Amino acid sequence: MRARFVPPIVLLLLLAVLQWQLWNGRGSVRDVAQLQTKLTDQKESNAKATITNERLASEVNDLKDGLEMVEERARAELGMVKPNEVFVQIAH
(Lines give C-alpha, C1' and ligand atoms only; values in the text may rest on other atoms or scores of the structure.)
Protein backbone atom coordinates (compact mmCIF):
# COMPACT_ATOMS: atom_id res chain seq x y z
CA MET A 1 0.00 0.00 0.00
CA ARG A 2 2.88 2.39 0.74
CA ALA A 3 4.42 1.75 -2.68
CA ARG A 4 1.27 3.09 -4.24
CA PHE A 5 1.81 6.56 -2.73
CA VAL A 6 5.50 6.89 -3.65
CA PRO A 7 5.16 7.81 -7.37
CA PRO A 8 2.59 10.58 -6.81
CA ILE A 9 4.68 12.04 -3.97
CA VAL A 10 7.84 11.96 -6.11
CA LEU A 11 5.97 13.58 -8.99
CA LEU A 12 4.58 16.30 -6.70
CA LEU A 13 8.06 17.00 -5.32
CA LEU A 14 9.46 17.16 -8.85
CA LEU A 15 6.66 19.53 -9.85
CA ALA A 16 7.37 21.72 -6.81
CA VAL A 17 11.09 21.88 -7.66
CA LEU A 18 10.36 22.77 -11.29
CA GLN A 19 7.88 25.46 -10.27
CA TRP A 20 10.38 26.94 -7.83
CA GLN A 21 13.04 27.08 -10.56
CA LEU A 22 10.56 28.64 -12.98
CA TRP A 23 9.69 31.48 -10.62
CA ASN A 24 12.88 31.93 -8.56
CA GLY A 25 15.83 30.10 -10.13
CA ARG A 26 18.30 31.08 -12.80
CA GLY A 27 16.47 32.01 -16.00
CA SER A 28 13.25 32.56 -14.08
CA VAL A 29 10.36 34.64 -15.28
CA ARG A 30 11.57 37.56 -13.15
CA ASP A 31 15.10 37.32 -14.54
CA VAL A 32 13.81 37.25 -18.10
CA ALA A 33 11.65 40.33 -17.46
CA GLN A 34 14.64 42.19 -15.98
CA LEU A 35 16.83 41.22 -18.92
CA GLN A 36 14.17 42.40 -21.38
CA THR A 37 14.03 45.75 -19.59
CA LYS A 38 17.83 46.03 -19.72
CA LEU A 39 17.79 45.09 -23.40
CA THR A 40 15.21 47.78 -24.18
CA ASP A 41 17.25 50.38 -22.28
CA GLN A 42 20.43 49.33 -24.07
CA LYS A 43 18.75 49.52 -27.48
CA GLU A 44 17.58 53.07 -26.70
CA SER A 45 21.08 54.00 -25.57
CA ASN A 46 22.56 52.48 -28.72
CA ALA A 47 20.12 54.40 -30.91
CA LYS A 48 21.09 57.69 -29.23
CA ALA A 49 24.79 56.85 -29.58
CA THR A 50 24.29 56.02 -33.26
CA ILE A 51 22.66 59.41 -33.87
CA THR A 52 25.50 61.16 -32.04
CA ASN A 53 28.11 59.18 -33.99
CA GLU A 54 26.46 60.04 -37.31
CA ARG A 55 26.35 63.72 -36.38
CA LEU A 56 30.00 63.68 -35.36
CA ALA A 57 31.01 61.79 -38.51
CA SER A 58 29.20 64.39 -40.59
CA GLU A 59 30.97 67.16 -38.72
CA VAL A 60 34.35 65.48 -39.26
CA ASN A 61 33.63 65.20 -42.98
CA ASP A 62 32.67 68.86 -43.09
CA LEU A 63 35.91 69.80 -41.35
CA LYS A 64 37.93 67.69 -43.77
CA ASP A 65 36.15 69.01 -46.85
CA GLY A 66 36.15 72.74 -46.34
CA LEU A 67 37.52 75.61 -44.41
CA GLU A 68 34.13 77.29 -44.22
CA MET A 69 33.16 75.14 -41.27
CA VAL A 70 36.44 75.89 -39.54
CA GLU A 71 35.94 79.60 -40.09
CA GLU A 72 32.36 79.43 -38.82
CA ARG A 73 33.42 77.58 -35.66
CA ALA A 74 36.32 79.97 -35.05
CA ARG A 75 33.98 82.94 -35.32
CA ALA A 76 31.16 81.47 -33.23
CA GLU A 77 33.07 79.68 -30.49
CA LEU A 78 36.31 81.63 -30.24
CA GLY A 79 35.18 85.08 -31.35
CA MET A 80 37.87 85.29 -34.01
CA VAL A 81 37.73 87.89 -36.76
CA LYS A 82 39.51 88.35 -40.07
CA PRO A 83 42.12 91.05 -40.52
CA ASN A 84 40.58 94.51 -41.05
CA GLU A 85 37.21 93.37 -39.63
CA VAL A 86 35.49 94.99 -36.71
CA PHE A 87 33.79 92.78 -34.13
CA VAL A 88 30.44 94.10 -32.95
CA GLN A 89 28.46 92.31 -30.25
CA ILE A 90 24.76 93.04 -29.96
CA ALA A 91 23.06 92.16 -26.67
CA HIS A 92 19.42 91.09 -26.81
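These numbers come from a predicted model, not from an experiment.
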A.B. asks: How long is the straight-line distance from CG of N46 back to NZ of K43, given to the nearest 0.5 Å?
C.D. replies: 9.5 Å
A.B. asks: So, using salt bridge (charged side-chain N to carboxylate O under 4.0 Å, His left out) as the criterion, who are the partners of E85 when residues are at least two apart?
C.D. replies: R75
A.B. asks: Determine whether R55 and I51 make a side-chain contact, defined as any pair of heavy atoms from C-beta on separated by less than 4.5 Å.
C.D. replies: no
A.B. asks: For residues 14-24, which side-chain N or O atoms pair as donor and acceptor with protein atoms under 3.5 Å away, sequence neighbours left out?
C.D. replies:
unit_1 : atom_1 : unit_2 : atom_2 : d
Q19    : OE1    : W23    : NE1    : 3.1

A.B. asks: Determine the sole option in V6, L11, L13 for which the side chain to side chain contact (heavy atoms under 4.5 Å, CB included) test with I9 is passed.
C.D. replies: L13
A.B. asks: Do V86 and M80 belong to the same hydrophobic cluster, where Ile, Leu, Val, Met, Phe, Trp and Tyr are linked whenever their side-chain heavy atoms lie under 4.5 Å apart, directly or via other members?
C.D. replies: no
A.B. asks: Any side-chain to backbone donor/acceptor pair from S45 onto D41? Under 3.5 Å, distance only.
C.D. replies: no
